[in-house]
Amino acid sequence: MKKMIAASILAGDFGHFAEEARRAELAGADWLHLDIMDGHFVPNISFGPGVAAAVKKNTRLPLDVHLMITHPQNYLEAFIKAGAASISVHIEAEHPVNETLGRIRKAGLRAGLAINPETPIESLASVDWKLVDIVLCMTVHPGFGGQAFLDDVLTKVRELARRRDAEKRPYDIEVDGGINNETARRAAQAGANVMVAGTSLFSRQDMKQAVEEMRRAIA
Ligand code: DX5
Ligand code: ZN
């Protein structure tokens with residue numbers, strides 16, 4: 001699987017998202033990750049489809065939308081219209097999971113399934129894998145940027161990677177939360193191929209160098 005770096009704008013300057021998106025693009029990030037929080041599924045509110053649409057106008061990077069919201073099925077159209085390239089929904093949220101994934105796919109986007117750190121892999125038993133392009137493993141408890149990487153999640157990443165290969169399901173395995181050069185290297189070793197990085201990229205003066213370093217770490 002192709003290794004990719006998704007810059008999470010949650011760690012960017014909220015007053016200057018257009019510039020932050022351009023900074024990530026010029027730095028060589030592959031995707032721009034948008035964390036959508038509703039203050040209900042997670043104890044924080046970030047931004048919505050209007051902001052996503054505004055960001056879209058300022059970058060050519062594919063928008064990787066991560067919905068941390070209780071009823072993602074009610075907001076798909078809004079994010080599709082905003083120009084998302086992929087939408088990930090949580091297995092723990094309240095929605096008909098396969099139907100939601102199918103709707104994302106039908107709109108021509110890539111469909112992602114996100115899973116919290118404490119959620120066991122068995123909870124994915126009824127997922128229709130034909131509909132899954134991305135499995136997003138949370139490596140922190142969702143809600144806030146800048147948290148420490150939860151090492152235990154690597155066991156789940158390894159098992160997912162094993163199943164992906166054994167059952168020939170060509171989905172991306174994305175890790176999100178606490179990703180820096182060292183945790184990215186370990187996640188890649190475990191089988192993850194998409195690294196979501198917020199703080200470790202946006203806090204750096206020279207983001208291009210930060211992206212290059214991370215690419216070397218996961219090569
Ligand atoms: C948590 C978010 C974060 C974020 C990444 O809900 O999903 O994981 O984008 O932020 P950092 O890289 O700061 O942990
Ligand atoms: Zn995210």
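All values derive from a computational prediction rather than experimental measurement. Start at 1 and go down the list; that is how both ligands and their atoms are numbered.
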For the Zn ion (ligand 2), find the closest N/O/S atom on [X] and give its atom name.
X: Asp176; answer: OD2
X: Asp35; answer: OD1
X: His66; answer: ND1

How far is [atom] from the closest protein heavy atom, and which atom is that?
atom: atom 9 (O) of ligand 1; value: Asp35 OD2, 2.3 Å
atom: atom 12 (O) of ligand 1; value: Gly198 N, 2.8 Å
atom: atom 14 (O) of ligand 1; value: Gly178 N, 2.8 Å
atom: atom 13 (O) of ligand 1; value: Thr199 OG1, 2.4 Å
atom: atom 6 (O) of ligand 1; value: Gly143 N, 2.7 Å
atom: atom 8 (O) of ligand 1; value: Asp176 OD1, 2.8 Å
atom: atom 10 (O) of ligand 1; value: Gly145 CA, 3.8 Å
atom: atom 11 (P) of ligand 1; value: Gly146 N, 3.7 Å

Give the numbers and elements of all ligand 1 atoms closer than 4.0 Å to a heavy atom of [X].
X: Met37; value: 6 (O)
X: Ser8; value: 4 (C), 9 (O)
X: Gly177; value: 8 (O), 14 (O)

Requested in this report: Have a look at Phe149, Phe202, Phe144 and point out the one with the heavy atom closest to atom 1 (C) of ligand 1.
Outcome: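 Minimum heavy-atom distance to atom 1 (C) of ligand 1 goes to Phe144.
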Under 3.5 Å, N or O to N or O, is [X] touching ligand 1 that way?
X: His33; answer: no
X: Ser200; answer: no
X: Met68; answer: no

Indicate the atoms forming the closest heavy-atom contact of [X] with [Y], along with that distance.
X: Phe202; Y: Ala11; result: CB-O, 3.4 Å
X: Ala21; Y: Asn58; result: CB-O, 4.4 Å
X: Cys137; Y: Val157; result: SG-CG2, 4.1 Å
X: Lys156; Y: Ile115; result: NZ-CG1, 3.9 Å
X: Gly145; Y: Thr199; result: C-OG1, 4.4 Å

Report task. Decide yes or no on salt bridge (Lys or Arg N to Asp or Glu O under 4.0 Å) for Glu159 and Arg162, but give the supporting numbers first. Result -> CA-CA 5 Å; Glu159 175 58 15; Arg162 191 193 64 74; 2.9 Å; yes
Query raised in the report: Should the ring pair Phe17 and Phe47 be called parallel, tilted or perpendicular, given that the plane angle runs from 0 to 90° and is split at 30 and 60?
Result: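 Ring orientation of Phe17 relative to Phe47: perpendicular.
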Query raised in the report: CG of Asp35 to NE2 of His33: how many Å apart, nearest 0.5 Å?
Result: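 Going from CG on Asp35 over to NE2 on His33, the span is 3.5 Å.
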Requested in this report: Starting at CG of Asp133, measure out to CD1 of Ile87 and round the result to the nearest 0.5 Å.
Outcome: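 The distance works out to 12.0 Å.
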Report task. Mind checking whether Pro142 contacts ligand 1 via backbone (N, CA, C, O), side chain (CB onward), both or neither, at a 4.0 Å heavy-atom cut-off? Result ->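 Pro142 to ligand 1: contacts from backbone and side chain alike.
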Query - Flag for Asn98-Asp128: side-chain donor and acceptor within less than 3.5 Å - result: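 Short answer, no.
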**Report entry** His66 vs Asp64, side chain to side chain donor-acceptor pair (under 3.5 Å): CA-CA, chis, key distance, verdict
**Finding:** CA-CA 7 Å; His66 175 195; Asp64 180 39; over 6 Å; no
Query raised in the report: Is any NZ, NE, NH1 or NH2 atom of the basic residue among Glu213 and Lys208 found under 4.0 Å from an Asp or Glu carboxylate oxygen of the other?
Result: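 Salt bridge: no.
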